[in-house]
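Values in this document were obtained by computation on a predicted structure and should not be read as measured data.
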Amino acid sequence: MNNIVFGKYLPLDTPIHRLDPRAKIIAMMFTLVAVFMPAGFIGYGIIALALIAVLFLAKINLKFIYKSFKPMMFMVIFLLLINIFSYKEGTLLLDLGFISIYSSAIIQTLYIALRLILMIMTTTILTFTTKPLELTLGIEYLLSPFKRFNFPAHEIAMIISIALRFIPTIIEETTRIMNSQKSRGVDFEEGKLKEKVMAIVSLIVPLFSVAFQRAEDLANAMEARGYVPGAPRTRYKQLKYGLSDYLLLLFSFILMASLGVLAFVL
């Protein structure tokens, strides 16, 4: 559990950390659109190089990206195996009667794996380099045009920010509960499947109890500070675009457009 880093903010002073959160969110959306374009392995290689360059500028080690991908490894491998055995196009590579693997299935599975890796890298860079408060402000500013349609932009941004902020907190509480139960003889690693399931159930109940208590404490703290959903409010910190923000938007747009042209050519 201690190796899970998704949703955490790394307090560093880098050019990427100092960027406007709105620019980083828009750049993330452009990059995600580029990831889903069928530009082949060349296109995915271009996106990977761009993300690695951003990681270098943000002084983020690749091991943090691996740690953010690790909790979802089982689910990803399961989905990839399902895709390999269910895709029936291309040249037949292996036929065991009940299992048949085709060449196109291998290629499509690699595409899916690369897309997942690039998506996780893109979203992880955003959470690593953006404070939760700045992320809330950025989302709210981007959703503010929908306020004329009575869309609760601030409330939606607050919910997203709190959810991201509480991921590390819940992980820490899970680790604390697991260590407490291990000291009382609960074994989460050894034993039969039924015993492991019962051990997980014994973990879920106190975890939900702690999560609800945390939520209630947060709600009481917000009410004590006069927070009223939907009420007009002012901002101490005003977001302003700088030259580096425009350069980031231009670079991400060019990346998306280039991948679109490459996908059209291929």
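Residues Ala23 and Leu249 come closest through the heavy atom pair O-CD2, 3.6 Å. Between Leu12 and Ala58, the shortest heavy-atom contact is CD1-O, 3.6 Å. Closest approach of Ser144 and Ala153 over heavy atoms only: N-CB, 4.2 Å. Taking every heavy atom of both residues into account, Ala50 and Leu255 meet most closely at CB-CD2, 4.3 Å. The minimum heavy-atom distance between Val54 and Ile16, with the atom names listed, is O-CG1, 3.9 Å. When every heavy atom of Ala39 is checked against every heavy atom of Leu262, the shortest pair comes out as O-CD2, 3.7 Å.
Here the straight-line distance linking atom CG of Leu218 with atom CD1 of Ile162 works out to 5.0 Å at 0.5 Å rounding. A distance of 9.5 Å separates OH of Tyr241 from CG of Leu248, quoted to the nearest 0.5 Å. Here the CD1 atom belonging to Ile47 is positioned 12.0 Å from the CD1 atom belonging to Ile52, to the nearest 0.5 angstrom. Residue Met121 holds its CE atom at 13.0 Å from CG of Leu116, rounded to the nearest 0.5 Å. Note that the CG atom of Leu55 and the CG atom of Asn61 stand 9.0 Å from one another [nearest 0.5 Å]. Atoms CD1 and CD, from Ile112 and Gln108 in turn, are 6.5 Å apart once rounded to the nearest 0.5 Å.
Judged by distance alone, the side chain of Arg22 and the main-chain N or O of Glu140 form no donor-acceptor pair under 3.5 Å. No donor-acceptor pair closer than 3.5 Å links the side chain of His17 to the backbone N or O of Lys131. No side-chain donor-acceptor contact under 3.5 Å links Asn220 to the backbone of Asp217. Thr123 places a side-chain N or O within donor-acceptor distance of the main-chain N or O of Ile120, the cut-off being under 3.5 Å.
There is a path of hydrophobic side-chain contacts, each under 4.5 Å, that joins Leu142 to Tyr246. No single ILVMFWY cluster, assembled from side-chain heavy atoms under 4.5 Å apart, contains both Ile156 and Leu137. Following chains of ILVMFWY side-chain contacts shorter than 4.5 Å, one can reach Leu51 starting from Met29, so the two form part of one hydrophobic cluster. If you chain together hydrophobic residues whose side chains sit under 4.5 Å apart, Leu32 and Ile125 fall into the same group. Residues Phe264 and Phe36 are members of separate hydrophobic clusters, defined by side-chain heavy-atom contacts under 4.5 angstrom among Ile, Leu, Val, Met, Phe, Trp and Tyr.
Residues Leu19 and Ser244 are in side-chain contact: their nearest non-hydrogen atoms beyond the backbone lie under 4.5 Å apart. The shortest side-chain heavy-atom distance between Thr14 and Leu57 does not fall under the 4.5 Å cut-off. Counting only heavy atoms from C-beta outward, the side chains of Leu135 and Leu126 approach each other to under 4.5 Å. Using a 4.5 Å heavy-atom cutoff, the side chains of Leu259 and Met256 are not in contact. A heavy-atom distance below 4.5 Å is found between the side chains of Tyr141 and Leu239. At a threshold of 4.5 Å between non-hydrogen side-chain atoms, the residues Met119 and Thr31 do not count as touching.
In this structure, Phe30 and Phe253 have perpendicular ring planes: the angle between them is above 60°, well past the 30° mark. Between Tyr111 and Phe41, the ring planes lie tilted relative to each other; the angle falls in the 30° to 60° range.
Applying the 6.0 Å contact sphere to CZ of Phe56 captures no more than 12 heavy atoms from other residues, nucleotides or ligands. The number of heavy-atom neighbours closer than 6.0 Å to CZ of Phe151, taken from other residues, nucleotides and ligands shown, is above 12. The environment of Met222 atom CE is dense: over 12 non-hydrogen atoms of other residues, nucleotides or ligands sit within 6.0 angstrom.
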Original post:
Passes side-chain hydrogen bond (donor to acceptor under 3.5 Å, both in side chains), Thr130 versus Lys24? Steps please.
Top reply: CA-CA 8 Å; Thr130 311; Lys24 287 189 279 189; 3.1 Å; yes

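Looking at Asp20 and Lys240, no side-chain N of the basic residue comes within less than 4.0 Å of a carboxylate O on the acidic one, giving no salt bridge.
Arg115 forms no cation-pi arrangement with Tyr44, by the criterion of a distance under 6.0 Å to the ring centre and an angle within 45° of the ring axis.
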